[in-house]
Amino acid sequence: MDLLSGLNSAQRQAVTAGNGPVLVLAGPGSGKTRVLTHRAAYLVGHVAVPPYRIMAVTFTNKAAREMRGRIETVLGGSLRGLTIGTFHSICARLLRREAAHLPVTSDFVIFDESDQVALAKQALRDLDLDEKQYRPQSMLNAISKAKNELITPEAFRAETYFAEIAGRVYARYQALLHENNALDFDDLLMGIVMLFDDHPDVLAKYQQQYEHILVDEFQDTNTAQYAMLRQLAAVNRNLFAVGDVDQAIYRWRGADYRNVHRFQDDHPDALTVLLEQNYRSTQTILDAAMAVIDRNPNRTRKSLFTERGHGERLTVYEAYNEDEEAQFVVETIATLTMQDGLSPGECAVMYRTNAQSRAVEDAFIRAGLPYRLVGATRFYARREIKDLLAYLRLVHNPADSVSLARVLNVPPRGIGPKTIEALQACAAANGVPMGDILRGLGQEPPAEVQLAVTGKALKALADFGRQLNYWHTARAELSVVQLMDVILDQIGYHNYLNDGTDEGLDRWDNVVELRGVAAESPDAHLTGFLEEVSLVSDVDNLAEDGQAPTLLTLHAAKGLEFPVVFILGLDDGILPHQRSFDDPEQMAEERRLMYVGLTRAKDRLYLLRAFRRTQYGESDVSQPSRFLEDIPDHLVAGHTPRRTGRKANVASAYARATTWDGGSKPAAAQPVVLRFRTGQRVNHSSFGEGIVIESKASGGDEIVSIAFEAVGLKRLAASMANLELLEG
């Protein structure tokens, strides 16, 4: 087979490059996997490099399997001896081989996340530190960051009190790992670098063996990974790196796109190849993506082009709120399916945070349509959501032993398995639910029960019983949102979730999203809310097949492609996320995240935002994402929302919300009897002045949606409201 057939000129230049360092800057959809595959095949088939002299490094086992399969297909045979795998798998293999130089034996175990948490807790206990004050996960985050930066416990420097504690825990944690003949995932990377530094003879052996090193997704490497590659390639200098700074979106987990710049600094003679021809998207989509990413500094610009033609313009849709935003998605997919013969499985719905999936999931469930949720648990099945709902169910029904068992020690109260067994035995002996025993202990004076628990455990049960009694009494006077707030505050759930990681912040965002659902629930009573939520969350029988639309975060979308893509939440504070506003580096990554999302689309791209969003139970006007402003108007069907003053934003919201691409959902024709139109200023005798958002015929009357400056949005029947039209 001709290894070069079907390659464009830039791909061919990369594949056939001679010895020495090569940096391939591959734009999205430009065939980087094809280049890596053919490069390895070219080295074996044309340059006669033995497979065992080649190392190919990827970031996922799936990518490694696919690459090996493609290389074998191209060469028409098995490649025994080729080292191909993830950084972690290759490092583990080498460390086992060289275990004689390590503080562990060759049969060491690799501790997963739960093992690491357990070990961190033990380290805290050994140091007589309170794990409630020094969260195990926070300690592990500090330890992981240090290891990724190749900082050993001995070299750890503490500039704050927290760092001083983390350094002590790090040292004890590492000692415990070795006592257990174990390594964690970060040890695999740091360990190989330290091994090579401490034993030059071992390094020389592998430098000689691996004549050529190929690396995928180079922009996602961290300090330890880059150091390992630099060590191995120091002699032969045949490091073939493929990546794209513009798609570096994993800074939060240690990836450092600056390694691409370090590569160029360390290898000034490197051949740099730009892969700019895109085989995925239309030119219109590529032009929009380039308009967004070109505002980022410190990058090598790529002029993406395609032979697929310009295609359709992007659709920018401004919904009224997140629920209408989600409804637009469902209706548009249904329309495309019926009118254009599109398979629902060809559509993807993308968003910045997991919490945003709630409104979309609800919309699909209400429509009775299946969907596939990728990379996350369904909203109502997420741990933090189930915790909070369990608390509410327990307040509603103290006899709910299932909910009680879930939250009895969440957050931790010092109620262990033996205490729970004693509580269960006492309840069984008295023929009452465990909740009744708890509430009795929380009374003044406490109920007389034969409970085989004393000391701190008894106090913990009694304290929880008092809280449960208070919540149960207060529920009659509090709204669901107020009750949630009381529970969250009294149990310290925010501090419990917030461990300093992005995951912890995302979990709290999910709690806030549920709070928003409660705030907008048509039934303000706890009973009605729990019934409503239980019906929405009952999706166990919902089909998940390849013909269903895919719902996923933008981070999870990297490497994927779909004919039709919807990107939700294009509001400042959502995308870009508000956490990036004061951090230029993080804002640049948010822009790269938007770029990744745009370039997932092959044929059609829908960009959605909501004129109002509910956060922390409060609905307020939002501003369009600054990224929308970067996209030239000629690439967009209709009007692109701009960040403006509050009144202008309110007035234009629904005027732009009827733009649908390709006539898939034409704006409703307004009867001539309508007296009011979007943007008019009106006065109401009770609500004061406001701006007309929308006017439509319904039930034989004109229904006018008005944003009043004093009281917010109201929907009024024109025949009854006695509205006064104002000038200007």
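Just so you know, these numbers use all the heavy atoms, side chains as well, and skip hydrogens, waters and symmetry mates.
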(message) Are Gln225 and Asn148 packed together at the side-chain level, in the sense that at least one heavy-atom pair is separated by less than 4.5 angstrom?
(response) no
(message) For Lys558, I'd like to know if atom NZ has over 12 heavy atoms of other residues, nucleotides or ligands within 6.0 Å.
(response) yes
(request) Answer yes or no: is there a side-chain heavy-atom contact under 4.5 Å between Arg515 and Val511? (result) no
(request) Ignoring hydrogens and angles, state whether a donor on the side chain of Thr353 or Asp509 is under 3.5 Å from an acceptor on the partner side chain. (result) no
(message) Suppose the criterion is salt bridge (Lys or Arg N to Asp or Glu O under 4.0 Å): which pairs have a residue in residues 401-421, not counting sequence neighbours?
(response) Asp387-Arg406
(request) Check for a donor-acceptor pair, side chain of Ser580 on one end and backbone N or O of Asp583 on the other, with a separation under 3.5 Å. (result) no
(request) Using a 4.5 Å cut-off on heavy atoms from C-beta on, say whether the side chain of Met484 contacts that of Phe529. (result) yes
(message) Any carboxylate oxygen within less than 4.0 angstrom of a Lys/Arg side-chain nitrogen, looking at Glu513 and Arg382?
(response) no
(request) Indicate the atoms forming the closest heavy-atom contact of Gly435 with Leu404, along with that distance. (result) N-CD2, 3.7 Å
(request) Can you run down the salt bridge (Lys or Arg N to Asp or Glu O under 4.0 Å) pairs that involve residues 142-159, sequence neighbours left out, and say none if there aren't any? (result) Lys147-Asp184, Lys147-Asp187
(message) With rounding to the nearest 0.5 angstrom, report the SG to CD1 distance, Cys426 to Ile437.
(response) 4.0 Å
(message) Just so I know, are the side chains of Phe185 and Phe111 near enough to count as touching, which here means a heavy-atom distance under 4.5 Å?
(response) no
(request) Answer yes or no: is there a donor N or O on one side and an acceptor on the other, between the side chain of Asp436 and the main chain of Val432, under 3.5 Å? (result) no
(message) For Trp471 and Tyr391, I'd like to know if the aromatic rings sit close, meaning centre-to-centre distance below 6.0 Å.
(response) yes
(request) Indicate whether any N or O donor in one side chain lies under 3.5 Å from an N or O acceptor in the other, for Arg372 and Thr550. (result) yes
(request) Flag the pair Arg393 and Asp400 as a salt bridge only when some basic side-chain nitrogen lies within less than 4.0 angstrom of an acidic carboxylate oxygen. (result) no
(request) Could you walk me through whether Arg366 and Glu361 pass the salt bridge (Lys or Arg N to Asp or Glu O under 4.0 Å) test, one step at a time? (result) CA-CA 9 Å; Arg366 285 194 302 269; Glu361 290 183 64; over 6 Å; no
(request) Determine yes or no for a side-chain-to-main-chain donor-acceptor pair under 3.5 angstrom, with Tyr351 supplying the side chain and Val360 the backbone. (result) no
(message) Closer than 4.0 angstrom, basic N to acidic O: yes or no for Glu589 and Arg251?
(response) no
(message) Contact between Ile192 and Phe87 at the side-chain level, heavy atoms closer than 4.5 Å - yes or no?
(response) no
(message) Is the shortest side-chain heavy-atom distance between Asn180 and Phe108 below 4.5 Å?
(response) no
(message) Taking Ile249's backbone N and O only, do any of them form a donor-acceptor pair with His555's side chain (distance below 3.5 Å, no angle check)?
(response) yes
(request) Taking Gln586 for its side chain and Phe581 for its backbone only, find out whether a donor-acceptor pair lies under 3.5 Å. (result) no
(message) Quick check on Asp107: does its CG atom have over 12 non-hydrogen neighbours (other residues, nucleotides or ligands) under 6.0 Å away?
(response) yes
(request) Mark yes when over 12 heavy atoms from residues, nucleotides or ligands other than Gln443 sit less than 6.0 Å from its CD; otherwise mark no. (result) yes
(request) Evaluate the criterion side chain to side chain contact (heavy atoms under 4.5 Å, CB included) for residue pair Arg383 and Leu497; output intermediate values, then yes/no. (result) CA-CA 11 Å; Arg383 186 192 78 193; Leu497 287 183; 3.5 Å; yes
(message) Within this structure, what is the CG-CZ distance for the pair Leu423 and Phe464, rounded to the nearest 0.5 Å?
(response) 10.5 Å
(request) With the side chain counted from C-beta on, respond yes when Thr152 and Met194 share a heavy-atom pair under 4.5 Å apart, and no when they do not. (result) yes
(message) Strictly below 4.0 Å, N to O, side chains only: are Arg358 and Asp323 in salt-bridge contact?
(response) yes
(request) For the residue pair Ser622 and Arg609, confirm or rule out a side-chain donor-acceptor distance under 3.5 Å. (result) yes
(request) Could you tell me the separation between the CD atom of Glu322 and the CG atom of Leu608, rounded to the nearest 0.5 Å? (result) 12.5 Å
(request) Please state whether the rings of Phe364 and Tyr371 are parallel, tilted or perpendicular, taking 30° and 60° as the class boundaries. (result) tilted
(request) Only counting residues at least two apart or in another chain, list the ones meeting side-chain contact (heavy atoms from CB on, under 4.5 Å) with Arg466. (result) Glu444, Ala462, Asp463
(request) Evaluate ring-ring contact (aromatic ring centres under 6.0 Å, His included) for Tyr173 paired with Tyr170, printing each intermediate quantity in order. (result) CA-CA 5 Å; Tyr173 169 84; Tyr170 182 9; 7.4 Å; no
(message) Once rounded to the nearest 0.5 Å, what's the spacing between atom CD of Gln116 and atom CG of Asp186?
(response) 7.0 Å
(message) Given 3.5 Å as the limit, does a donor-acceptor pair link the side chain of Asn409 with the main chain of Pro412, or not?
(response) no
(message) Which residues pass the side-chain contact (heavy atoms from CB on, under 4.5 Å) test with Leu560, not counting sequence neighbours?
(response) Leu552, Phe562
(request) Using a strict cut-off of less than 4.0 Å between a Lys/Arg side-chain nitrogen and an Asp/Glu carboxylate oxygen, indicate whether Glu590 and Arg579 qualify as a salt bridge. (result) no
(request) Say whether, by atom type as modelled, one donor and one acceptor occur between the side chain of Gln133 and the main chain of Leu129 under 3.5 angstrom. (result) no
(request) Hey, could you give me the CG/CD distance between Leu119 and Gln174, rounded to the nearest 0.5 Å? (result) 9.0 Å
(request) Answer yes or no: is there a side-chain heavy-atom contact under 4.5 Å between Leu389 and Lys386? (result) no
(request) Starting from the C-alpha separation in whole Å, work towards a yes-or-no answer on side chain to side chain contact (heavy atoms under 4.5 Å, CB included) for Trp508 and Asn510. (result) CA-CA 5 Å; Trp508 180 249; Asn510 292 334; over 6 Å; no
(request) Verify the distance criterion only: is there a donor paired with an acceptor across the side chains of Asn321 and Arg612 at less than 3.5 Å? (result) no
(request) Report yes or no: does His178 contribute a side-chain atom to a donor-acceptor pair with the main-chain N or O of Pro103 at less than 3.5 Å? (result) no
(request) Locate the shortest heavy-atom distance separating Ala390 from Ser403; write the atom from each residue and the value. (result) O-CB, 3.5 Å
(message) Quick one, Phe162 with Met139, criterion side chain to side chain contact (heavy atoms under 4.5 Å, CB included). Give me CA distance, side-chain angles, the key distance, then yes/no.
(response) CA-CA 9 Å; Phe162 173 85; Met139 295 293 107; 3.2 Å; yes
(message) Among residues at least two apart in sequence or on other chains, which ones pass side-chain contact (heavy atoms from CB on, under 4.5 Å) with Thr473?
(response) none
(message) Tell me whether Asn469 contacts the main-chain N or O of Arg439 through its side chain, where contact means a donor paired with an acceptor under 3.5 Å.
(response) yes
(message) Please determine whether the number of non-hydrogen atoms from other residues, nucleotides or ligands lying under 6.0 Å from atom OH of Tyr470 exceeds 12.
(response) no
(message) For Ala171, give me all partners under side-chain contact (heavy atoms from CB on, under 4.5 Å), at least two apart in sequence or on another chain.
(response) Pro153
(message) To the nearest 0.5 Å, what is the distance between CZ on Arg93 and NE2 on His88?
(response) 14.0 Å
(message) Looking at Ala99, is its backbone amide N or carbonyl O close enough to the side chain of Thr105 to form a donor-acceptor pair, meaning the two atoms are under 3.5 Å apart?
(response) no
(request) Show your working on side chain to side chain contact (heavy atoms under 4.5 Å, CB included) between Leu392 and Ile487 and close with a plain yes or no. (result) CA-CA 9 Å; Leu392 293 175; Ile487 294 173; 4.0 Å; yes
(request) May I ask you to say whether Arg135 pairs ionically with Asp130, meaning some side-chain N is under 4.0 Å from a carboxylate O? (result) no
